[in-house]
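Heavy-atom basis, side chains included; hydrogens, waters and symmetry copies ignored.
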Amino acid sequence: MTPEQFIAKWQISTLKERSAAQEHFIDLCRLLNEPTPAEFDSTGECYCFERGAKKTTGGDGWADVWKRGYFGWEYKGKRKNLNDAFIQLHRYAPALENPPLLIVSDMEQIIIHTAFNGTVPDRHTLTLNDLRNPNKLRLLKWAFSDPERLRPKLTTAALTEQAARQFGELAQTLCERGHDSQQVAHFCQQILFCFFAEDIGLLTNQLFSQLLKTGQQRLNDLPQLLTGLFNTMATGGSFGMEKIDWFNGGLFDAAKPLPLTRTDVTLLRELARLNWSAIEPSIFGTLFERGLDPNQREQLGAHYTDSASIMRLVNPVVLDPLREEWRLQQETIKELVDNVAAQNIKAEKVIAAVNKTILTTESAKKVVKARADVSKAEAKLKQQIEKRCRNFLNRLAEFRVLDPACGSGNFLLLALRGLKDLEHEVILNAERLGLPASFPKVGPENVLGIELNVYAAELARVTVWIGEIQWMLNHGFSLSKNPILKTIHIIDQRDAIMNTDGTEATWPKVDVIVGNPPFLGDKRMLGILGEAYVKQLRSCYRGRISGGADLVTYWFERARAEIELGKANAVGLVSTNSIRGGANRNVLKRICETTRIFNAWSDEPWINSGAAVRVSLICFGNTKLTPILNGEEVTAIYADLTAGDDTKVDLTTAKSLIENIDVAFIGTQKSGSFDIAGELARQWLKEPNSNGRLNSDVLRPWANGMDITRRPSDTWIIDFGTEMKKQDACFYEQPFLHLETHVKTKRTDSHETIAAKWWLHTRSRPDMRQALNKLPRYICTPRVSKYRLFVWFSIAVLPDSATAVIARADDTTFGILHSQFHELWSLRMGTSLGATPRYTPTTTFETFPFPIGLTPANTGGATETLKSGAIIPIVAAEYQDHAKAIAEAAFQLNQLRENWLNPPEWIERQPEIVAGYSERIIPKPEYTARLKQRTLTNLYNERPKWLTNTHQQLNCAVAAAYGWNDDAIQLSEAEILQRLLVLNLAR
DNA sequence: GATCCGACAATAC
DNA sequence: GTATTGTCGGATC
């Protein structure tokens, strides 16, 4: 068929919808050279006419034509309202598996609506005459063959970002002009809603844009015009020539528009051109909030919490259990239907049997009875189905979700959408089962929020309402009006954890709780929330949350209490990943005691407000679901957010071991510029002091984590030890003078005790010094580092607080610490700073079960140097061989690493200028650049074969000491940890 | 007196 | 720009 033939035929056609539609469509297929449904798919599984039609009547399908993954297509008779057809398609789109294109036609026109997720919908209208135009015809061809090509370029995210950025600018200028930020916020919400209302047709005839146009010409009249419009929206009525719906909702009450400049209005008119109907309210809220906060403004372009992250909580807590309930209902319904169908077949057999015989009164009665039974059974079935559907719909309508820290309402919005989607699915299902269509009842009243920030609370209300309206329109429902925005109290503006009188806040009874409470480390709480508040808060939760815990834990504890009180069933909250350790973990321990964690993501990146923070997502509550950790089913989830299985014990139960006490320390914390460059130190070393003492008494090489992981920085430190008096210290003239100029004043600003002894490090670590005193060298590891590295330092070197120190000089201890066993243990038992693992002496070292006979308690005595140079501790005879084997492997590892770090050919070794210090390593000039690359982090990043092998040998030696000779190398991580835990608990 | 933390903060590469 | 490591003082035991 040619376009001309097609046009000629359909221009004059007067056929009514149903009879014409299929013919029209088949003609189109011929025109486009596309297969018809019958040619393409004889089963009708993925391309057919009358999708979802009831078998009995053959009509009332979800769509006149449907092609899976391509389009839903609805016909209307000529010059009937095509919008009705579009609404119908929208309504049934979920049942049609949400096709990317929704196409409507009255045979004169074909309108293609795009419906790709996350894009701003597009619309292509084709008239009959357009079919002559190859470009237009191509659009239609794509609809049949390659709908992706019709995907709009503009995503809702991009649109929203643009809108939020420009809108934020306006808000900012208003604030800068001295208006109260609350007023600015309220005003912006009103304007935002007007944009939205105009673009979805609630404000007719571009009323708001027209108003802005007028206002630009008559700037002085603008406030009055806006007041008039807002007031009319508050009550409903007429504004100029237009009839205005009753909007209500508090948004337009007491309208007091702010004065605008001509530039503002120009900006607003530009904004009005955007397609606000497709705005994504969840993104808008976040971005706009940032636009208002000067501290966050530079992050405007940054990412926002994506809905996928939020759904990781909303799905398991809100939606999955409901979906499961509905699935069970459907199963029961299917059983009922099958039963009745079986009865019917039986009855039909009876009737058929009777019909074969000669009709008698008796047999006629039989038939009548059989028929009556059938219809009775069917009526009963219908009743039962209806009851089950109605009950479930009521359950949905009554379902309540609380976000006790709702911010701009993102969680509530997504929960609402999810509930509405599910309700819609149930309604469509019910219709298919022959029940009458019902109107959705789930709405903003299903979601409740608590939010302290007045502005965010207001934003949340608008967010939820825009979400509601968008959903209704996108699913072919009209809005319930009078008023459009119900005055439902969904967002409670108050403190969610404590009342103003210092008592614990209460939360409304709901089904589930979700949210992202604020994160604030215990130290920062004081500064940001104020001392009085923090004090009150801590005393309010005394005995339940310790002072060392993050602010976020108060929400966890409050939510746990709600479950205990029977006021909620399940909870899903976000926290920083540090909830897994330290004082924070206790709140999860309590949760594990009174209820259970059933779904968690232990350590996920979370990009929000531009802050690089890693989070844990935690769901807990009363459910029988199989626990899922990081997306995989497990037997149990422990308080540190690790998995348990049947064989494994909870690692959080590991205890500190006496044999490990007083061996590991954190280095000194200087608090001030006690550090100096090596060159300056050497200069001072040569200079005499008036009392005859040498500066070498108080100058030492210094090491922080970077001196271990990268090239040594040749930094020295002024160290007057733990208790030297000022009158003694001042004899070391230059060092003392240096501190007077660089440290004294800064310290004076600090806390009294810190200010008083300003020439000493704030934490000079006397215990550590005592433990190191007797040793020629010690083991050191960076507290925060990508790899768990241990190195040797001469006793002359002073370790900084960025490192942890193990006061042992033997290679055996070094080897055990550097084995995979301790590495694994420290990764699991330690915490992290962001994504980087952190070594904590108490939880990683003190709990670590060394091999029997080789514990720190056994290795603290005399040592012996082997032929190779390795130093071994003198331990009981039966362990001596293991000590030796480990020491040799460790010695080799260290030596190979040293050779790689400082190849003898590339460097020269020089004695330090005064005695008592280690040799200096001076790069030969031609190798300086290459030596810079020789760092331990780089080495472990590259991980050459020799390194892996050497570590493997070390692992074997240590495994042997544990008595795990058999298959130590094949041991899984979980198996190793379990064995270590058993050892820990046994001691 | 020692430890642990940071909706981080600062550098080195 | 990004990857990696560092600061320091309050709360707690």
Tell me the interatomic distance from [X], atom [atom1], to [N], atom [atom2], rounded to whole angstroms.
X	N	atom1	atom2	answer
Ile708(A)	dG6(C)	CD1	P	8 Å
Asp522(A)	dG6(B)	CG	P	8 Å
Arg614(A)	dC5(B)	CZ	P	16 Å
Leu529(A)	dG6(B)	CG	P	16 Å
Arg765(A)	dG9(C)	CZ	C1'	12 Å
Glu531(A)	dG9(C)	CD	P	17 Å
Asp550(A)	dA11(C)	CG	P	15 Å
Phe519(A)	dC8(B)	CZ	C1'	14 Å

Using atom C1' in both nucleotides, what's the gap between dT3(B) and dA7(B) to the nearest angstrom?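 Taking atom C1' in both dT3(B) and dA7(B), they lie 23 Å apart.
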Pick the P atom in dT12(C) and in dC8(B), then give their distance to the nearest Å.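 It works out to 23 Å between them.
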Options dA2(B), dT3(B), dT7(C), nucleotide nearest the side-chain atoms of Arg763(A):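 Taking heavy atoms from C-beta onward, the closest nucleotide is dT3(B).
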Stems formed with participation of DNA chain B [Watson-Crick or G-U wobble, under 3.5 Å, three or more pairs]: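 Stem list for DNA chain B: B:1-6 with C:8-13, B:8-13 with C:1-6.
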Using a 4.0 Å heavy-atom cut-off across all strands, classify [X] as base, sugar-phosphate, or nothing.
X	value
Pro837(A)	nothing
Asn584(A)	nothing
Arg711(A)	nothing

Could I get a table of every N or O pair under 3.5 Å where one atom is in the protein and the other is in nucleotides 2-5 of chain C?
{"unit_1": "dT4(C)", "atom_1": "OP1", "unit_2": "Lys786(A)", "atom_2": "NZ", "d": "2.8"}
{"unit_1": "dT5(C)", "atom_1": "OP1", "unit_2": "Thr709(A)", "atom_2": "OG1", "d": "3.1"}
{"unit_1": "dT5(C)", "atom_1": "OP1", "unit_2": "Thr937(A)", "atom_2": "OG1", "d": "2.8"}
{"unit_1": "dT5(C)", "atom_1": "OP2", "unit_2": "Lys786(A)", "atom_2": "N", "d": "2.9"}
{"unit_1": "dT5(C)", "atom_1": "O3'", "unit_2": "Met706(A)", "atom_2": "N", "d": "3.3"}

Do Trp792(A) and Phe814(A) have ring centroids that are under 6.0 Å from one another?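 Yes: the rings meet the under 6.0 Å criterion.
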Are any non-hydrogen side-chain atoms of Val574(A) and Phe519(A) less than 4.5 angstrom apart?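 In contact.
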Go through the steps for Tyr839(A) and Trp825(A) under the test ring pair (Phe, Tyr, Trp, His ring centres under 6.0 Å), then give the verdict. CA-CA 10 Å; Tyr839(A) 193 79; Trp825(A) 185 262; over 10 Å; no
Taking only the side-chain nitrogens and oxygens of Thr831(A), find out if one of them lies under 4.0 Å from OP1 or OP2 of dC5(B).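 Answer yes for this pair, as a side-chain N or O of Thr831(A) is under 4.0 Å from OP1 or OP2.
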Taking only heavy atoms on the protein side, list every residue of residues 662-676 of chain A lying under 4.0 Å from any atom of DNA chain B, sorted numerically.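 The answer is Ala664(A), Ile666(A).
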Of the options Arg897(A), Arg934(A), Arg711(A), which is the one that meets Asn902(A) in a side-chain contact (heavy atoms from CB on, under 4.5 Å)?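 Testing each of Arg897(A), Arg934(A), Arg711(A) against Asn902(A), the sole residue satisfying side-chain contact (heavy atoms from CB on, under 4.5 Å) is Arg711(A).
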